[in-house]
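Working notes, structure below.
Values below: all heavy atoms of this structure, side chains included; hydrogens, waters and symmetry mates excluded. All figures in this text were calculated on a predicted structure; none of them were measured in a lab.
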Amino acid sequence: MTNRKREISIFLSFLILFILGVLLFACRTSNEQERQITNAFTPGKTTQEANPQTQPPVDFQTITRTPGITQESPPATVPLPSDQPTMMITNTQGQTSVITQTRAATQPNQIAPTRTSTKKPSSSPSNTPTNTATLTPSPTIQPGWDGDWTAYVEKSDSNTSTGNLQVSVVATNLTGSLTIDNIQYEFIGIVFNDGKFATGNWSAGTSQGSFWWNLIGNGQFRGCHTDQFAFCGSRAGVNQPEPCRELPSR
């Protein structure tokens, strides 16, 4: 029983020593990390402060300037920017890196002035009234044979006389009268072939003869009298047909 109590005492002593060693090691490591963090976030800290054991002794010597000789000054240390956040990080080899966070330059948005061009209204020319020609509608041409005609009659001496011919048609019967050179001519005949042709006899005093007309449309007809001389006609405002003579087909 006495040996067992001694073993428990030795084991407890060893356990207490082990716990104390772990606590001391943890405190030392915490202090070391706290110092590194303080150096990292303190602006202006140099590598010499981080590693004081590797800093060489400074030899302060009095520098005497000789006239005419310019003593070069050692390169100036670039100061750390004070207006920007800076972080110094020391790696495991003792090298220190400076990290500066740059801020993007911000500039307030500026609205560019917009120019609105104002166009001067152009003066439109005044509307000048234009004279519009009035078209006179052409007279309606009377169809068929009824009505007035301008007759062109060839005489035996090959000259042509012009006179006013009046024609009337009732059913298929045709009558007409013509005055040429103060001579009155009368016409009696018939129309056939759906009113396209007219034929009959004419008389003037003691003279008489035959006539044959062909209604060619557009207010014109052409034909002959006495089976050889030209005899044609046209409505008012319509030209004389060409040719004027047309002999009946046999």
Side-chain angles (χ1 to χ4, degrees), residues 111-250:
I111 301 176
T114 304
R115 294 183 178 179
T116 303
S117 58
T118 303
K119 294 183 179 180
K120 183 178 181 181
S122 58
S123 57
S124 57
S126 58
N127 296 328
T128 303
T130 56
N131 295 327
T132 304
T134 302
L135 299 178
T136 302
S138 58
T140 302
I141 299 175
Q142 183 177 353
W145 292 103
D146 281 318
D148 295 337
W149 297 84
T150 299
Y152 308 92
V153 181
E154 182 183 7
K155 297 186 296 185
S156 58
D157 58 1
S158 299
N159 292 324
T160 300
S161 296
T162 302
N164 183 26
L165 171 64
Q166 295 178 344
V167 178
S168 176
V169 176
V170 178
T172 58
N173 297 321
L174 180 146
T175 57
S177 63
L178 170 65
T179 302
I180 294 179
D181 300 332
N182 296 323
I183 299 175
Q184 186 74 27
Y185 293 86
E186 300 294 334
F187 298 88
I188 299 175
I190 60 172
V191 296
F192 62 97
N193 197 10
D194 294 331
K196 180 176 176 57
F197 300 103
T199 187
N201 297 315
W202 61 269
S203 61
T206 59
S207 300
Q208 60 181 3
S210 62
F211 69 90
W212 187 88
W213 300 333
N214 178 14
L215 185 64
I216 60 177
N218 296 326
Q220 294 176 328
F221 74 87
R222 57 178 169 232
C224 64
H225 70 92
T226 319
D227 292 335
Q228 57 180 330
F229 301 104
F231 192 159
C232 62
S234 62
R235 296 289 190 183
V238 182
N239 295 330
Q240 176 185 348
E242 292 292 341
C244 179
R245 189 179 70 165
E246 180 178 325
L247 299 177
S249 59
R250 301 296 181 184

Is there a donor-acceptor pair closer than 3.5 Å between any side-chain N or O of [X] and the backbone N or O of [Y]?
X      : Y      : answer
Arg245 : Gly223 : no
Glu154 : Ala230 : yes
Gln142 : Asp146 : yes

**Study point:** All side chain to side chain donor-acceptor pair (under 3.5 Å) counterparts of Asp157, not counting sequence neighbours
**Key:** Asn159
Exercise for review: Would you please say whether a donor-acceptor pair under 3.5 Å links the side chains of Gln220 and Ser234?
Suggested key: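 On atom types as modelled, these side chains do not qualify, holding no pair under 3.5 Å.
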Practice item. Measure the shortest side-chain to side-chain distance between Val153 and Phe229 over non-hydrogen atoms and say whether it is less than 4.5 angstrom. Key: no
Check your understanding: Is it the case that more than 12 heavy atoms not belonging to Asn218 sit under 6.0 Å from its CG atom?
Key -> no
Exercise for review: Evaluate whether atom CD1 of Ile188 has more than 12 neighbouring non-hydrogen atoms of other residues, nucleotides or ligands under 6.0 angstrom away.
Suggested key: no
Practice item. Check whether NZ of the Lys or CZ of the Arg Arg222 lies under 6.0 Å from the centre of the six-membered ring of Trp213 and within 45 degrees of that ring's axis. Key: no
Point to revise | salt bridge (Lys or Arg N to Asp or Glu O under 4.0 Å) contacts in which one or both residues fall within residues 179-193, not counting sequence neighbours | key: Lys155-Asp181
Exercise for review: Identify the residue among Tyr152, Phe197, Trp149 that makes a ring-ring contact (aromatic ring centres under 6.0 Å, His included) with Phe221.
Suggested key: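 One option only clears the test, and that one is Trp149.
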Which donor-acceptor pairs under 3.5 Å do side chains of residues 204-212 form with protein atoms, sequence neighbours excluded?
none

